[in-house]
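Following: one structure in structure tokens, then a few remarks.
By convention in this document, chain letters (A, B, ...) are assigned in the order of the sequence lines, proteins followed by strands, and residues within each chain are numbered from 1.
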Amino acid sequence: MPELPEVETIKQGLSKKIVGLKIKDVQILNSKTFSGDEKQLKNKKVKSIWRKAKVLGIDLENNLTLLFHLKMSGQLVYQGKQRFVGGHPTTDMTQEMPNKSTRVIFEFSDKSKLFFNDQRKFGWIRIIDNGQLKMDNFLKNLGPEPLEKDFTVEVFKKQLLKRKNLPIKVALMDQSLISGIGNIYASEACFDAKIDPGRKVSELSDQEFKKMHQGIIKSLEDGIKHGGATRAHFVDAEGHKGYFLDYAYVYGKDKHPCKVCGGIIKKITQAGRGTYYCPKCQK
DNA sequence: TGCCCCCTGCAG
DNA sequence: CTGCAGGGGGCA
């Protein structure tokens, strides 16, 4: 799925588009995707949009919030009102919506639409009352946000040491330790820190915790800067791909030469997920 | 604290 | 055909 930078990219794009719009209708094309009574959403205005870890929240009037998790293949694509250019109808979209992966469609009072597409159907949308947000099981188990100012090296180290026997790359992806890092940025952060992803958390020196901490922040910020990472599915709120993978050092680059040392990037499996690293740069 | 599973589609 | 894919919940 979209990881922190991808969800953040969607949040920023969507905020510019739908804050202030009123939901007119909701069409649910796949019932398992949506939980809650969609009739509650009718005529509710969008107040603000936020992100926590990889979850997107849309706050509505009447203390209602829509929670979205895109999991592996989810997309949230906004299609503005149809415009006419040179006498022909056109939109911002690069692809036709809805498509066969569209699971839910939100229609706003100005006729613009928000499409929730999800090929693999792992993603979900839930309606939650704001009073329950703090109690929500999913949200309350999420670790600190790595791009917040209070995410210091000390906080990072303390969190990771809760799972000291895990390989560092696997620990980085544990959402209860740190929010928002997934398979792409875990590999990239380890490369930036020059740390072998197979090293156990307990083996890291203070200096290595510091490099790892910087590597996480650097990788996530680079991801946001390039509009996220598109492997197969990710698109931003306007339907555009992200270009972070063009700039990545190791993710998806197995058998390719390392951009730094020229050595060959290797792919291994950790906890059932692919990990990419440069054995020469990362120790 | 590890597996299997939820799904669909694409590459090999 | 098998294996693999930005995630993570439920189960031993």
Side-chain angles (χ1 to χ4, degrees), chain A residues 1-11 29-35 51-56 67-77 95 99-104 116-126 136-143 146 160-190 197 200-202 216 219-220 222-224 226-236 240-255 267-276:
Chain A
M1 135 190 163
E3 307 180 31
L4 184 157
E6 288 72 39
V7 181
E8 181 65 25
T9 298
I10 292 171
K11 187 204 91 174
L29 309 180
N30 182 62
S31 61
K32 288 180 76 175
T33 300
F34 195 99
S35 62
R51 178 194 60 74
K52 169 70 189 167
K54 306 170 189 174
V55 176
L56 189 83
L67 289 184
F68 296 77
H69 202 306
L70 278 54
K71 290 290 182 84
M72 298 287 260
S73 60
Q75 304 177 328
L76 264 175
V77 178
Q95 32 177 329
N99 61 32
K100 64 180 174 183
S101 295
T102 300
R103 310 302 177 197
V104 178
F116 183 84
N117 304 325
D118 184 18
Q119 180 192 97
R120 295 176 70 178
K121 300 182 180 173
F122 291 168
W124 47 255
I125 304 173
R126 289 161 43 200
D136 183 77
N137 266 330
F138 185 83
L139 295 175
K140 81 180 181 200
N141 288 326
L142 296 170
L160 279 210
L161 286 176
K162 291 179 179 172
R163 303 288 304 276
K164 52 178 61 148
N165 291 322
L166 282 186
I168 177 69
K169 185 262 188 173
V170 177
L172 292 180
M173 292 173 63
D174 183 328
Q175 301 300 295
S176 69
L177 303 181
I178 312 169
S179 277
I181 302 173
N183 209 35
I184 293 179
Y185 296 94
S187 281
E188 291 298 314
C190 289
K200 286 192 175 173
V201 169
S202 58
I216 289 167
S219 303
L220 294 174
D222 277 359
I224 294 170
H226 297 296
T230 297
R231 177 196 147 76
H233 302 287
F234 173 73
V235 291
D236 67 15
H240 302 129
K241 293 177 178 180
Y243 293 95
F244 175 72
L245 289 182
D246 294 345
Y247 302 87
Y249 286 93
V250 289
Y251 184 85
K253 312 279 188 199
D254 52 316
K255 298 177 187 159
K267 183 184 182 188
I268 57 172
T269 298
Q270 291 181 289
R273 313 293 302 277
T275 297
Y276 301 84

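For A/Arg120 and C/dA5, the CZ to P distance is 9 Å, given to the nearest whole Å. Between the P atom of C/dG7 and the CG atom of A/Leu67 lies a distance of 19 Å, rounded to the nearest Å. A straight line from CZ of A/Arg273 to P of B/dG2 spans 16 Å, rounded to a whole angstrom. The CD-C1' distance, from A/Gln119 to C/dG7, rounds to 15 Å in whole Å. Put simply, CD1 on A/Ile178 is 16 Å from C1' on C/dG7, counting in whole angstrom units.
Taking the six-membered ring where tryptophan is involved, the planes of A/His69 and A/Phe138 are perpendicular, since the angle between them exceeds 60° and thus also 30°.
One C1' atom belongs to B/dC10, the other to C/dG8, and the distance between them is 23 Å to the nearest Å.
Both geometric conditions, a ring-centre gap below 5.5 Å and a plane tilt below 30°, are fulfilled for A/Phe122 over the base of C/dG7.
Phosphate contact (OP1/OP2 of C/dA5, side-chain N/O of A/Lys267, threshold under 4.0 Å): present. A/Arg163 has a side-chain polar atom (N or O) that falls below the 4.0 Å cut-off from OP1 or OP2 of B/dT1. A/His69 has a side-chain polar atom (N or O) that falls below the 4.0 Å cut-off from OP1 or OP2 of C/dG8. The phosphate of B/dT8 has neither OP1 nor OP2 within less than 4.0 Å of any side-chain N or O from A/Lys100.
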Original post:
Dot-bracket, DNA chain B: Watson-Crick or G-U, under 3.5 angstrom, [ ] crossing, | other strand?
Top reply: ||||||.|||||

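The nearest heavy atom of DNA chain C to A/Phe138 and to A/Thr230 marks one nucleotide each, and the one closer to the 5' end goes with A/Thr230.
Nearest nucleotide to the side chain of A/Glu3, out of B/dT8, B/dC6, C/dG7: C/dG7.
A donor-acceptor pair shorter than 3.5 Å can be found between the side chains of A/Asn183 and A/Lys169. Looking only at atom types and distance, the side chain of A/Glu188 has no donor-acceptor partner in the side chain of A/Tyr247 under 3.5 Å away.
Taking CG of A/Leu139 as the start and NZ of A/Lys52 as the end, the distance is 8.5 Å to the nearest 0.5 Å.
Enclosure of atom CZ in A/Phe34 by more than 12 non-hydrogen atoms of other residues, nucleotides or ligands within 6.0 angstrom is indicated.
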